[in-house]
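So the structure is just underneath, and the comments pick up after that.
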Amino acid sequence: MLSTQLRSNPSPVQAGKPATLALRVRDARGQPVPTLDLSHGKPMHLFLISKDLRSFAHVHPEAREGEFALEHTFESGGEYMVLVDYARPGGSAPVDRHPLRVEGPSRPSTALAVTPATQRSDGLVFTLHGGDAARAGAGGAHLHFAIADAATGRPVDDLEPYLEAMAHFAVLSEDGKDFLHVHPLDSKPGQGVAAHAVFPRAGLYKLWVQVQRQGRVVTVPFVLRVQPADASGPVGVPGHGAHGSHH
């Protein structure tokens, strides 16, 4: 079983100033693991998410002197989660998590609330279908995002692969305990992107959709309320194409 250790330089991290985040991977005997298999073109995916779910970054450390490191600047102070997604032998895909305190001014807290089904970002209009029908449980939820050009209103048919997929979806529960990194279902150009997500519990979740167009990655957040599981079916765990963790 592999595990990760996180260190930062400087420590503590300061808001608004570059910091190096480095992760060392160790095996079950505590020995360093200097190389990893690639997952979607990268040895490791980090999700840096603030406790209030307002700050989000999906970044990729690279191997450096026996560790996996990168430089990142946090815009505001507060409590963050560092969620570490990397390939493990045998195909299991749990996600490690590390708390990180960032010193400096923090933003005023705001309550998480369900967002409208249509969101705009970087010249694109995303419309979520299926969010209001999402239920916890083994059956999961089918979430489809229609994507249109904001200027023309026409469906976008020129999305480009981003990290070897047409989209990436990161999902985190309001309390930070349940995290999913979901990859898209197959779709044709002009039909948007879709995902099958298994929510372990009812409640509010924030979901970030990431696609690439014209060489630029566009990230769009949604907040949806997942209804309790159907009493006739069991509660499940993240299914095919999803990496997740529960704390």
Side-chain angles (χ1 to χ4, degrees), residues 13 15 45-59 72 74-85 95-122 124-137 140-147 167-182 184 193-211 217-230 235-238 242-247:
V13 175
H45 300 257
L46 290 191
F47 297 89
L48 311 177
I49 305 177
S50 59
K51 187 176 182 180
D52 64 5
L53 309 190
R54 293 174 64 186
S55 290
F56 170 88
H58 176 189
V59 292
H72 185 77
F74 293 86
E75 294 182 359
S76 63
E79 302 293 335
Y80 285 77
M81 289 169 280
V82 179
L83 298 148
V84 190
D85 189 0
V95 173
D96 292 353
R97 58 171 66 210
H98 302 276
L100 181 68
R101 172 71 185 175
V102 176
E103 299 293 337
S106 59
R107 290 173 304 222
S109 60
T110 57
L112 200 65
V114 174
T115 54
T118 296
Q119 299 291 324
R120 296 171 177 262
S121 181
D122 291 328
L124 297 178
V125 180
F126 291 71
T127 302
L128 169 60
H129 300 278
D132 54 355
R135 285 187 174 275
H142 181 84
L143 305 175
H144 176 257
F145 298 84
I147 306 175
H168 284 260
F169 307 88
V171 187
L172 190 62
S173 59
E174 181 180 23
D175 60 10
K177 291 184 177 181
D178 294 303
F179 173 77
L180 305 173
H181 177 197
V182 186
V193 295
H196 181 81
V198 176
F199 297 96
R201 298 177 297 147
L204 285 176
Y205 288 79
K206 191 159 188 177
L207 181 151
W208 294 266
V209 186
Q210 294 190 291
V211 299
V217 176
V218 179
T219 302
V220 181
F222 287 83
V223 177
L224 63 155
R225 182 174 295 280
V226 174
Q227 302 300 322
D230 187 331
V235 172
V237 296
H243 305 173
S245 74
H246 172 79
H247 274 237

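Numbers for residues simply follow the sequence, beginning at 1. The shown structure was predicted, so the numbers you read here are calculated from the model rather than taken from an experiment.
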Hydrogens and angles aside, do Arg54 and Ser76 bring a side-chain donor and acceptor to less than 3.5 Å of each other?
no
State, to 0.1 Å, how close Val198 and Gly137 come at their nearest heavy-atom pair, and which atoms those are.
CG1-O, 3.4 Å
Near Glu79 CD, under 6.0 Å, is it more than 12 heavy atoms from other residues, nucleotides or ligands?
yes
Do NZ/NE/NH1/NH2 and the carboxylate oxygens of Arg97 and Asp85 come within less than 4.0 Å?
no
Please step through side-chain contact (heavy atoms from CB on, under 4.5 Å) for the pair Thr127 and His129, ending with a clear verdict.
CA-CA 7 Å; Thr127 302; His129 300 278; 3.8 Å; yes
Residue pair His58 / His45, side-chain donor-acceptor N/O under 3.5 Å:
yes
Could you check Leu172 against Leu53 for side-chain contact (heavy atoms from CB on, under 4.5 Å), going step by step and ending with a plain yes or no?
CA-CA 8 Å; Leu172 190 62; Leu53 309 190; 3.4 Å; yes
Charged N to carboxylate O below 4.0 Å: is that the case for Glu174 and Lys206?
no
Side chain to side chain contact (heavy atoms under 4.5 Å, CB included) involving Ala141 - partner list, sequence neighbours excluded:
Ala134, Leu143, Phe199
Indicate yes or no: at least one non-hydrogen side-chain atom of Lys177 is less than 4.5 angstrom from one of Arg201.
yes
Leu207 side chain reached by Leu224 side chain, heavy atoms, under 4.5 Å:
yes
Please report the shortest heavy-atom distance between Ser121 and Val220, naming the atom on each side.
CB-CG2, 3.7 Å
Assert yes or no for the condition that the ring centre distance of Phe47 to His181 is strictly below 6.0 Å.
yes
Any side-chain heavy atom of Arg107 sitting closer than 4.5 Å to one from Asp52?
yes
Separation between CZ (Phe179) and CG (Asp96), nearest 0.5 Å, reads 11.5 Å
Among all residues two or more places apart in sequence or in another chain, which pass the side-chain hydrogen bond (donor to acceptor under 3.5 Å, both in side chains) test with Ser106?
none
OG/Ser173 to CG/Leu180 distance, rounded to the nearest 0.5 angstrom?
8.5 Å
With a 6.0 Å cut-off on the ring centroids, do Phe222 and Phe145 count as close?
yes
